[in-house]
Amino acid sequence: MGRDTIAELITSIRNAEMDRKGVVRITSTNITETIGKILFREGFIENIRKSREEDKSFLVLTLRYRRNRKRLPRNFLKRISRPGLRIYAKAERIPIILGGMGIVILSTSRGIMTDREARLEGIGGEILCYIW
């Protein structure tokens, strides 16, 4: 049975935010690296780096620290497509999260990208997660 690395990434970030931890360490795969780079580029995390211990690679994500914040809602990261139920959308049907304030991460034929990039290129794909 395979592991759902995307769900592990999302759950680790969500749990660290709820517990107010600054750093998340997860197993490194190509998908988690790409999603981490998207999160960094969009400003949801402060830093991303790769570390290696013995024979395993890890991603170390530094979460963005917000002063005087209340607890974030549990649903600021949500996994949509999962191994048991894949969700696909055409370019015209890609959802808009919070009127464009949030992002949708898609897996397309041209790689993993955000909803804005997919709409610009006019391609759809598998909806991996929502972030707001």
Side-chain angles (χ1 to χ4, degrees):
M1 180 185 281
R3 294 177 6 169
D4 188 4
T5 56
I6 299 169
E8 288 177 14
L9 169 70
I10 290 171
T11 303
S12 297
I13 293 173
R14 188 182 315 125
N15 290 343
E17 277 284 339
M18 287 174 47
D19 203 23
R20 298 179 187 218
K21 297 203 182 216
V23 178
V24 176
R25 189 175 141 219
I26 56 165
T27 307
S28 176
T29 63
N30 289 337
I31 293 173
T32 56
E33 281 184 46
T34 308
I35 292 174
K37 288 176 185 175
I38 289 173
L39 292 174
F40 176 69
R41 191 175 63 225
E42 294 291 326
F44 288 100
I45 61 174
E46 191 172 307
N47 191 13
I48 181 172
R49 67 181 169 86
K50 198 171 186 178
S51 73
R52 189 162 181 84
E53 290 180 12
E54 297 168 10
D55 60 340
K56 294 183 181 181
S57 294
F58 294 99
L59 282 179
V60 179
L61 307 174
T62 306
L63 302 179
R64 188 165 295 280
Y65 176 73
R66 296 179 203 125
R67 284 191 191 170
N68 300 328
R69 69 169 188 201
K70 302 211 179 196
R71 280 198 181 251
L72 291 174
R74 269 194 158 187
N75 298 332
F76 75 100
L77 288 158
K78 185 174 182 185
R79 177 82 155 118
I80 302 301
S81 188
R82 51 192 172 90
L85 179 64
R86 304 289 186 184
I87 307 294
Y88 297 94
K90 295 181 180 180
E92 306 83 37
R93 300 258 182 196
I94 297 172
I96 298 172
I97 306 300
L98 289 179
M101 299 278 295
I103 63 170
V104 177
I105 297 181
L106 297 131
S107 176
T108 67
S109 58
R110 297 187 189 149
I112 296 175
M113 59 181 66
T114 64
D115 56 336
R116 288 181 223 115
E117 295 168 343
R119 281 192 201 96
L120 284 175
E121 293 191 24
I123 56 175
E126 180 183 354
I127 300 174
L128 298 177
C129 59
Y130 297 157
I131 302 169
W132 67 91

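Model, not experiment: these values are computed from the prediction.
- The hydrophobic cluster containing Phe40 also contains Leu128, counting ILVMFWY residues as joined when their side-chain heavy atoms lie under 4.5 angstrom apart, directly or transitively.
- Under a hydrophobic clustering in which Ile, Leu, Val, Met, Phe, Trp and Tyr are joined whenever their side-chain heavy atoms come within less than 4.5 Å, directly or via other members, Ile38 and Phe76 fall into the same cluster.
- Leu63 and Phe58 sit in two unconnected hydrophobic clusters of ILVMFWY residues. Membership requires side-chain heavy atoms under 4.5 Å apart, directly or through other members.
- Following chains of ILVMFWY side-chain contacts shorter than 4.5 Å, one can reach Ile131 starting from Val24, so the two form part of one hydrophobic cluster.
- Lys37 contributes atom NZ, which lies 10.0 Å from atom CZ of Arg41 (distance to the nearest 0.5 angstrom).
- No side-chain donor from either of Thr62 and Glu46 sits under 3.5 Å from a side-chain acceptor of the other.
- In this structure, the side chains of Leu59 and Arg49 stay at 4.5 Å or more apart for every pair of heavy atoms.
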Take Val23 and Val60, measure what side chain to side chain contact (heavy atoms under 4.5 Å, CB included) needs, and give me the verdict at the end. CA-CA 7 Å; Val23 178; Val60 179; 3.4 Å; yes
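- A donor atom on one side chain and an acceptor atom on the other are found under 3.5 Å apart for Glu33 and Ser28.
- Residues Arg25 and Glu53 have side chains in contact (heavy-atom distance under 4.5 Å, counting atoms from C-beta outward).
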Using atom types as modelled, flag every donor-acceptor pair under 3.5 Å from a side chain in residues 89-107 to any protein atom, sequence neighbours excluded.
none

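- The line from OG1 of Thr11 to CG of Leu77 is 9.0 Å long, rounded to the nearest 0.5 Å.
- Taking 4.5 Å as the limit, every side-chain heavy atom of Leu9 sits out of range of all side-chain heavy atoms of Thr27.
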Side chain to side chain contact (heavy atoms under 4.5 Å, CB included) between Lys78 and Cys129: does it pass, once the steps are laid out? CA-CA 5 Å; Lys78 185 174 182 185; Cys129 59; over 6 Å; no
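- Shortest non-hydrogen contact noted between Glu126 and Ser81 is OE2-OG, 2.6 Å.
- Considering every non-hydrogen atom in both Arg79 and Arg82, the closest pair reads NH2-CA, 4.0 Å.
- The closest donor-acceptor contact from the side chain of Thr32 to the backbone of Thr29 lies under 3.5 Å.
- By the side-chain hydrogen bond (donor to acceptor under 3.5 Å, both in side chains) test, Thr108 is found to be paired with no residue, residues two or more places apart in sequence or in another chain being considered.
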With side chain to side chain contact (heavy atoms under 4.5 Å, CB included) as the test, would you mind laying out the steps for Tyr130 and Ile80 before giving the verdict? CA-CA 7 Å; Tyr130 297 157; Ile80 302 301; 3.5 Å; yes
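- Using a 4.5 Å heavy-atom threshold, the side chains of Met18 and Arg14 count as touching.
- Atom CD1 of Ile26 sits about 5.0 Å away from atom CG of Leu61, to the nearest 0.5 Å.
- Nearest heavy atom pair, residue Arg64 against residue Phe44, reads CB-O, 4.0 Å.
- A salt bridge between Glu121 and Arg116 is absent, with no side-chain N of the basic residue lying under 4.0 Å from a carboxylate O of the acidic one.
- Taking CD of Glu8 as the start and CD1 of Ile13 as the end, the distance is 12.0 Å to the nearest 0.5 Å.
- The shortest heavy-atom contact between Thr114 and Glu42 is CG2-OE2, 3.9 Å.
- Criterion: ILVMFWY side-chain heavy atoms under 4.5 Å apart, direct or through other members. Under it, Ile112 and Tyr88 are not part of a common hydrophobic cluster.
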